[in-house]
Amino acid sequence: MSRLLPLSQMSSGDRFSNIRLIATDMDGTLTVMGKFTSKLLQAFEDLATIGIKVLIVTGRSAGWVSGLAAYLPVVGAIAENGGLFYPGDREKPIVLTPIADLVNHRQQLAAAFEKLQTEFPHLQESSDNRFRITDWTFSVAGLSTDEIQTLNHLCQQMNWGFTYSSVQCHIKPWGQDKAVGLLQVLQRYFPQYAPQEIVTVGDSPNDESLFDERCFPVSVGVANVLEYAEQLQYQPVYVTTAAEGEGFCELTRYLISP
């Protein structure tokens with residue numbers, strides 16, 4: 001288990017002095033009550049002035065993420081928990097989880113969701129699900145920890161992977177997660193960055209693989225990650241004092257301070 005050190009305990013010249021790339025979750029990590037703030041956009045600009053790049057790694061749909069990669073000052077965005085990558089300088093995505101027959105794949109995902117609804121009739125498809133390619137999502141609102149564990153077990157029985165965040169649950173292909181997708185993107189498109197030059201940032205269970213020190217030795221959880229701390233096999237090395245996007249801005253201040 002990680003030590004969950006507060007950023008305030010980090011001494012000058014510690015791990016953050018070498019950071020050149022931030023790989024960060026979006027919802028609950030960059031947002032504040034579901035929205036981007038002017039402080040966040042200023043943080044992006046401040047990071048750019050000192051040469052630190054930002055790469056978004058989110059569970060949000062391909063349709064939503066394509067726009068984010070185009071409009072935000074980032075080097076790219078990974079969508080659907082490692083399913084696709086949208087480089088910031090082009091419109092077409094790079095598929096990270098190959099799917100031979102997209103129509104059949106979506107039909108199988110829909111069938112899996114229908115089976116889950118037989119056990120949990122109140123499950124509601126997520127608003128962005130129609131814009132997805134590799135996975136299927138439904139709202140996490142109102143689900144208890146025990147119910148989420150049952151949903152995970154049911155998905156495994158149907159040979160699907162499962163994860164969840166602060167906003168939604170995901171039915172996904174086996175082996176598709178944020179770390180797998182991020183490592184593919186780093187190797188192919190950003191080989192100039194060593195592991196110790198990358199900081200990963202997140203807030204919820206679908207970010208867990210980004211906290212695995214074997215792959216990402218420098219990781220940060222914004223304060224709301226503490227809500228899930230006992231459920232995570234891998235925990236971030238550091239945790240911010242502030243929650244959500246305010247926590248990301250807190251991290252930014254540490255990175256840009258002399």
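All residue numbers in this chain count up from 1 along the given sequence.
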| Atom OG1 of Thr24 and atom CG of Leu210: how far apart are they, to the nearest 0.5 Å? | 9.0 Å
| message | I'd like to know if the side chain of Ser204 pairs up with that of Asn206 as donor and acceptor (distance under 3.5 Å, no hydrogens or angles considered). | response | yes
| Check: Tyr228 and Ser166 side chains under 4.5 Å, non-hydrogen atoms | yes
| note | Between the NZ atom in Lys178 and the CD atom in Glu80, the distance rounded to the nearest 0.5 Å is 12.0 Å
| Does the ring center of Trp160 lie less than 6.0 Å from the ring center of His153? | no
| query | Are any of the side-chain heavy atoms of Ile56 and Val65 separated by less than 4.5 Å? | reply | no
| field | Arg188 CZ to Leu96 CG distance, which is reported to the nearest 0.5 Å | value | 8.5 Å
| message | For the residue pair Ser126 / Gln168, report whether a side-chain donor-acceptor contact shorter than 3.5 Å exists. | response | yes
| request: Answer whether the closest heavy-atom distance between the side chains of Phe216 and Gln196 falls below 4.5 Å. | output: no
| task | May I ask you to check whether Asp203 and Asn224 show a side-chain donor-acceptor distance below 3.5 Å? | result | yes
| Would you say the side-chain atoms of Thr31 and Glu244 include a donor-acceptor pair closer than 3.5 Å? | no
| message | Counting C-beta onward and ignoring hydrogens, is there a side-chain heavy-atom pair between Gln233 and Phe211 closer than 4.5 Å? | response | no
| request: For the residue pair Leu182 and Ile78, establish whether any side-chain heavy-atom pair is separated by less than 4.5 Å. | output: yes
| Aromatic ring centroids of Phe113 and Phe138 under 6.0 Å? | yes
| Passes side-chain contact (heavy atoms from CB on, under 4.5 Å), Val201 versus Leu30? Steps please. | CA-CA 9 Å; Val201 192; Leu30 298 180; over 6 Å; no
| How close do Ser66 and Tyr86 get, heavy atom to heavy atom, and via which atoms? | CB-CE2, 3.3 Å
| Nearest 0.5 Å, what's the CG-OG distance between Asp27 and Ser165? | 6.5 Å
| Does CD in Gln187 sit with more than 12 non-hydrogen atoms of other residues, nucleotides or ligands closer than 6.0 Å? | no
| said: If only side-chain N and O atoms count, and only distance matters, is there a donor-acceptor pair under 3.5 Å linking Gln231 with Tyr164? | reply: yes
